[in-house]
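Hydrogens, waters and symmetry mates are skipped; everything else that's a heavy atom, side chains included, is used. Values in this document were obtained by computation on a predicted structure and should not be read as measured data.
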Amino acid sequence: MTADPMRLLPSRAPVVLIDAQGEPRPHETYALPSDDELVAAYAGLVAARRLNDQASVLVRQGRLAVYPSSHGQEACQVAAARVLADDDWLFPTYRDTAAIVARGVDPVQALTLLRGDWHCGYDPYEHRVAPQATPLATQLPHAVGVALAARMRGESTVVLALCGDGATSEGDFHEALNFAAVLRAPVVFFVQNNQYAISVPLARQTAAPSLAHKGVGYGVPGEQVDGNDVAALLAVLGAAVERARSGEGPQLVEAHTYRVAAHTNADDAARYRADDEVKAWLARDPIIRLESYLTRRGALTPEKISAATEQADRLAEAMREGLSRDEAANPADLFAHVYASPTPQLDEQARMVADELEREAEV
Amino acid sequence: MTADPMRLLPSRAPVVLIDAQGEPRPHETYALPSDDELVAAYAGLVAARRLNDQASVLVRQGRLAVYPSSHGQEACQVAAARVLADDDWLFPTYRDTAAIVARGVDPVQALTLLRGDWHCGYDPYEHRVAPQATPLATQLPHAVGVALAARMRGESTVVLALCGDGATSEGDFHEALNFAAVLRAPVVFFVQNNQYAISVPLARQTAAPSLAHKGVGYGVPGEQVDGNDVAALLAVLGAAVERARSGEGPQLVEAHTYRVAAHTNADDAARYRADDEVKAWLARDPIIRLESYLTRRGALTPEKISAATEQADRLAEAMREGLSRDEAANPADLFAHVYASPTPQLDEQARMVADELEREAEV
Amino acid sequence: MTNREKLTMAQALNRALRDAMAEDETVVVFGEDVGQLGGVFRITDGLTAEFGEQRCFDTPLAESGIVGVAVGMAMNGMRPVVEMQFDAFSYPAFEQVASHVAKMRNRTRGRVGLPMVIRIPYGGGIGGVEHHSDSSEAYFAHTPGLHVVVPSTVADAYGLLRAAIASPDPVVFFEPKKLYWSKEEVDVTQAVPPIGTAVVRRAGTDATLIAYGPAVPVALDAAAVAAQEGRSLAVVDVRSLVPFDDETVCQAVRATGRAVVVAEASGFASVASEIAARVTERCFHSLAAPVRRVSGLDIPYPPPKYEGFHLPTVDRILDAVDDLQWEEG
Amino acid sequence: MTNREKLTMAQALNRALRDAMAEDETVVVFGEDVGQLGGVFRITDGLTAEFGEQRCFDTPLAESGIVGVAVGMAMNGMRPVVEMQFDAFSYPAFEQVASHVAKMRNRTRGRVGLPMVIRIPYGGGIGGVEHHSDSSEAYFAHTPGLHVVVPSTVADAYGLLRAAIASPDPVVFFEPKKLYWSKEEVDVTQAVPPIGTAVVRRAGTDATLIAYGPAVPVALDAAAVAAQEGRSLAVVDVRSLVPFDDETVCQAVRATGRAVVVAEASGFASVASEIAARVTERCFHSLAAPVRRVSGLDIPYPPPKYEGFHLPTVDRILDAVDDLQWEEG
Ligand SMILES: Cc1ncc(C[n+]2csc(CCOP(=O)(O)OP(=O)(O)O)c2C)c(N)n1
Ligand SMILES: Cc1ncc(C[n+]2csc(CCOP(=O)(O)OP(=O)(O)O)c2C)c(N)n1
Ligand SMILES: [Mg+2]
Ligand SMILES: [Mg+2]
C-alpha cells in the first residue's frame, strides 16, 4: 500500500500522437511509431475495415447469423494485435473479430461462432487467441490465470485482454483487475470505450472521470488514449505490454472510440442515438487521419495504398469463399467434446439421435 | 464524466482528530465534535466493548454458537450508529452486532443469528437495520436499492452500508458502488479495514494506495479515517451522511482499524499473525484515547465513567439473562415463512414432520 | 362488446407491464437496455416514454447489481420488475437470487417480503449464438423460496406476469423467446390464472404429455399427429413450476395410465426429472409404463446449426409415446 | 508390511493434495485462507510450507475471480485445485462455472480442456449459521460438462480427490463437512476408484437405499436398525453423481424391487429426483412400489436449532421404507 496514487492516474486527456486532421502531436511520454510500423498498421486498418464491411454484407446475405461490427474501432483492433509478440496471448470479445484476424487467425475460422456453427472455430493455442467471450468481462479472470501460469513457468508471456465500456461494470472486471494487481500478473487490460453498451451510453455506465481512473483503486496504472489514433494506441499499448513483460505488473488502458455501426445487425441504433453524433465521430475516422499523415510524410505512396487494398480484397474474397460453403451438421459432434470421453449417459443419448436419423433415412 | 479526479481522492493520510495519546489534532476540513457528543460516544464505546466481552464469554459457555468480535473496532461501530437519523438505514455484516445494538436493537434479538436460531431475530423495519449479511458484499446493492426507493418517494433517507476490507474484493462491492454513483443513490459505503479477512492480510487483498482510493473509479469521493478515533469517524461519516442527504450522491469511507480478536472464536489467529502486531494496535485502543482526551478536558468525570460502566453492566446482564433461556424449536416455523403462504408441497412436508413428532410423542 | 385483441406474446408482456405500472406506482422496471431501447426483445417498449425515467430505466451492465438493487427496493416498498437480457446472463446474479431473493422472507420470519419479479427470456429455437438459448429453470426451481413460472400462451403471458407482479413473493418469470412472436386473440381483462395452477390444453385418453413453456406447442403438435395415427394424447401445460399443481397433473396421468414429460432443458437433475419422479410417486399403481422424459440432451446448448438435434421434436415425443409398452398394457 | 493408517477424512483430503502436488508440479492450490492458515477446515494445512507460495496461495476474496483465474491457469498447462470456503459461497462463481468451466472443452471442440478441481465443503449437520450448510450439488449436476463427485468414506475421499485432480475434465468435488472428522483405517496406496462408479456399501434383499455423501452413513444406520427389525436393506453409495453409474444402482434395485433415495439437499428438482426418475425408467417392471425419496425439505436451510427436522434421519428413512407397499408386494 505504498503506491503513489498520482503515478497510477491516467493523463488528464487521452494521449493523441496524430490528431483527427492527420497532424502529429508531440507528447512528453510517448513517441510516434516509425513510418514503417505505421504503414504496416495502415494496411491492417484497411483490412480490418474491409472485414467489417464484408461481414456486414454476409449477414445480409444470410451467410452469417449475426455480426457485431468494429467499424470505427479498427485502430484499437489492429493495435491490439500488433503490440503482441508471438508467445503473448490475446483475449477477445465477440466484437474483436478484426483483432483476431489481425493476429493471424483464418477469418473463416474466426467467424465460425458468428455464422452459427461451433462456438470457437480456431485452435486457441495456434495463435494464442482465446475463444471469443460473450458473457461480458468473464474472460478477464481467465487472462489473469493464463498470465500467472506462464509466469510460474518463467515464461515472459504477456496477456492482452479486451473488453468494452459496458463490461467494466461487471463484477468480473473488478475481480480480474484486483487479482492481477495483487498477484502481479503480466496482463494489459484494454477497454475499448466505444461510448455505448448496446443502447446504454457511457454516462449511464459510469460517473467516473474516465474508465482509466478505475486503475488506481487496484494499484494498477491507468492510461487513456485516443482510440481512433493507431499511433497513440501502438505507443501506449506497446509501453504497457513491455512494462508487464518486465515484471512490473498489470496496466489498464482505455481507448476513447466510437461504435459507428449498430450494436449488431439485429440492433436499431436510431432508437437511442442521433445521426449527428455518428457524423461527428466519422470525421475522426482512424483510417483517414493515418492516411493523410503518412501521405503527407511521403511514407504512404499510391502503390502502398493499392497493395493494402488488394490485400484487403483477398481477405474479403477468402471470407466470401469460405462462408459460401456449408458443411452438413454431424450429430455425433454434439457428444464428442462435452468431456474428454463421453459419459455412459451421453453414449446412450448419441445412440438415440443416431437411431432417429437412421430411421429417418429409411423412410 | 466531468468529475475532477482530485476532488474524489481521499486525503493522503487517514483523518485523525484525537490521536492515540488522546491529544486533539486540528484538521483543515473536519472539526472536533462537541464534548457532549463525545461523552455520549464514550458511553457507546464502553457498551460496545462490554458487548464484545460478554458475547465472547457466552460463546465459551455454549450460549452462542459463534461470535465474530468487533473488539478494537468499537469506534467504528458506535460512530456508524450515531451518525444516522431515525429514518436512515443501517446495513450491517455479521461483525457489526455492536453497531446494531448501538442503533437500538435489543441485544438478544440482535444475537439470534449467532446463537444458532433464526437468521434475523429483529424486525428490520423497527430500527431500520437490515438483516446481518454473511455472504460478503452482497448487502451493498441492497443498500443502494433501499436508498433509491426512498429517494423515489422523496424521502431524505440515507443508507449507511458496512463491509470489511476483504469484502471490497467481491464483485458486488464494485457493482454496488457503480450503481450508487450512476443512479446517485444516497448511500455511504463504510469499509472497516481491520487489516484481515480471516487470515488474509490487507496486502494480499489489494495493491491500491488505500481502499478509499477505489472511489475515484466510480466517480465517488473517497475518504480515509483513523478507525480508532471516534471523533474523526463521527466527523467524517457525519459529513458523508449529510452530503448524501443533500443529494450529492454516495461516498466511500475507509476506516483503518484492527481486528484485535481472532476472526471468530473458531479461528486461531496465532497461525497467521504475530503477537507484537496485536500489541501495537492495543496501544491505539479507541476507548483509552477518548477517555484521556475527555478527562483532560474535564468533560468526562468519574461519575460519568461509572454511569457508562453501569449502563454497560445492564446490557451485559440483559444478554446473559436473555440468552440463558432457550425456546423450544417449533417445527411449524420451518414452513411458515418460506412464502407468504405455504405451497401445497410445503403443506405436505409440514404434515410429514408433524406426523413424525406425533408418533414420537406416542412412543 | 368484446375485449378480444390479437397480440403477440411480446406485446402481451409489454401490456402486462404497462397495466401493472399504471395501476400501481410502486411498480418499477429496470435492467440493461430496457429504457429508451425498450429491451432487446422490446418487451419494455414505450414504458420510459409513458411512465418516465424514474419508473423504467437502464442500469449499468451488471446482473448481480440489478438483482441486488431490486432486493433493496423491494425491501423498501417498491415492486421491482427486472430483466435479465438472456437466460445465461442471469448467472452472474445467481448469488443474489439464491442467497437473498429466495431467503429474505424466511430469514426475517416473514417481516421482509420481496415482491419482485425477475424476467428471463429463455430457451432455444431462435438460432441464437452461445449463451443465448439456455434453459435455466432447474437452478431456480430447486431453490426454495422462489416461485417459478413459465407461460406458453399469449393469454397466460399476460395473466401470469400480472399475477407475478402482484405476488407478495419473488417470482422468476421465464419467457419462451421462441414464442415471443406467436399470436393469439386474447382478452386481457379476463381473470388472471393463479400462480400454482396447471392447465389441460388438450384432452386425451391414451397417454398424457406433461410440458411447459416452449415445449407445450411441440407437445400439442405431437398430440395432433398422434391423433391422426389413432392415439389420443392429453397435453398438460404445467406453467407454474413452483408451486407445482400435483392435482391437475396427476389427475391427467391417472386417467391415461401413461405419461411423457417434455421440456427443453438438459434432462439430468432437471424439472422434468422432478415431474417424472413425483408423478410416479403419486400415480404408481395407475401407470402401465414408466414415465418417460423427452428433454434437451445433456450437453451444453449447441450452436444454431445443431439445435434441431437438441430440442424435443414431435418425432422424439412420438417415439417416447411408442415406448410406453403398449403391448403389455 | 501394511500401508494402513488411521486418518480422518480431512487428513485424507490433505494427503491427497500433498501427494498430487508432489507427483505433478503443475498442480496448484489456491483460494481464500488456504495458504498460511491451511483453510478454515485445515484441508490445505502445510501445503504452502511444503511446496512454497507459488504452489499454494491465498487470493483476494472473490469466488468468481478464483474460479475464473483457475480457468485461465488450466488453459495454460496447470492443474488448479481451488477451494470455495463454504458451499453457499460458491454461488458468486456460478457464472464462471456454468458458462466457462463446463463449456470450454465443448466450445473449443476438444482443443482446450480444463483439468481443474473445485473443492466445496458442503452439507449440514455441523451447526453452521446461515449459508454454511447448503447442499448445492443439483446446480452443478444439472450443468453438462462438469463431473460431480461426493465421497462418503475416508478412503474414497483420498482416492476420488486424486482421480479428480488427474482427470482431464473439470470436477466439482463435494466434501461432506459433517464427515471431515470421521476416522477410518485406510491404505492410500490402494487403487483409486474411478470417477463414474457407484459402490454397494451393504448387501440386502428387501429394498435398496440409494445415497451419497453425508447421507450414506445415515442410510447405513437405517439399514442396521432395519436388520434388527427383520428387514434387509441394501445400501448403494452413488459417490459419482456425474457420470452416473446406472448399472450398479439399477442392479441393486432390480434385485430388491424396492428403493428409497436419500440425500440432504432440498428434494425439488434435485439429484434425488433424477435418481428416482432414472431408476424408475430403467427398473419399472421390477418395482413393487414407487421409488421414494427422503431428502431435505423444500425450505432454505434452517438454523442449527432446526436442522434435525430438515435432514434425513434414520426414522424418516425407515418410514419411507415402511411406505413401500409391502402388503401389496
Ligand atoms: C454477462 C452479460 N450480460 C449481458 C450480455 C448481453 N450483452 C451483449 S453485448 C452487451 C453490451 C456490451 O457493451 P460493451 O461492453 O460496451 O461492449 P460493446 O458491445 O460496446 O463492444 C450486452 C448487454 C452479455 N453478453 N453478457
Ligand atoms: C461470498 C463469501 N465468501 C466467503 C465467505 C467466508 N468468510 C466469512 S468472513 C470472511 C472474511 C471477511 O473479511 P472482511 O471482509 O475483511 O471482514 P472482517 O471479517 O474482517 O470483518 C470470509 C472469507 C463469506 N462469508 N462470503
Ligand atoms: Mg461499448
Ligand atoms: Mg477485515
Would you compute the distance between atom [atom1] of [X] and atom [atom2] of [Y] and round it to the nearest 0.5 angstrom?
X	Y	atom1	atom2	answer
Tyr301(D)	Asn106(C)	OH	CG	13.5 Å
Leu287(D)	Leu287(C)	CG	CG	11.0 Å
Ser90(C)	Phe94(D)	OG	CZ	8.5 Å
Tyr139(C)	Tyr139(D)	OH	OH	10.5 Å
Gln325(D)	His285(C)	CD	NE2	3.0 Å
Glu95(C)	Glu95(D)	CD	CD	13.5 Å

For [X], is it the side chain, the backbone, both or neither that has a heavy atom under 4.5 Å from a heavy atom of chain C?
X	value
Ser64(D)	neither
Phe244(D)	side chain
Ala141(D)	both
Val242(D)	side chain

Using a cut-off of under 4.5 Å on heavy-atom pairs, state which of [options] scores highest against chain C.
options	result
Arg282(D), Gln96(D), His131(D)	His131(D)
Val271(D), Ile299(D), Leu297(D)	Ile299(D)
Val97(D), Val261(D), Val279(D), Thr280(D)	Thr280(D)
Ala88(D), Ala265(D), Ser270(D)	Ser270(D)

Quick one: closest heavy-atom pair of [X] and [Y], and the distance?
X	Y	value
Asp134(D)	Lys103(C)	OD2-NZ, 4.0 Å
Glu274(D)	Gly267(C)	OE1-O, 3.3 Å
Ala277(D)	Ser273(C)	CB-O, 3.7 Å
Ser266(D)	His142(C)	O-CE1, 3.0 Å
Arg293(C)	Glu281(D)	NE-OE2, 3.1 Å

ask   = What option among Ala289(C), Ala93(C), Ala138(C), Cys283(C) has the most heavy-atom pairs under 4.5 Å with chain D?
value =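 Max contact count across the listed options: Ala289(C).
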request  = Determine, using ring centers only, whether Phe284(D) and Phe284(C) are less than 6.0 Å apart.
outcome  =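 Yes; Phe284(D) has its ring centre under 6.0 Å from that of Phe284(C).
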request  = Evaluate side chain to side chain contact (heavy atoms under 4.5 Å, CB included) for Phe268(C) paired with Arg278(D), printing each intermediate quantity in order.
outcome  = CA-CA 9 Å; Phe268(C) 199 88; Arg278(D) 64 191 304 117; 3.6 Å; yes
task = Check whether any side-chain heavy atom of Arg107(D) sits under 4.5 Å from a side-chain heavy atom of Pro300(C), and report yes or no.
result =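 Not in contact.
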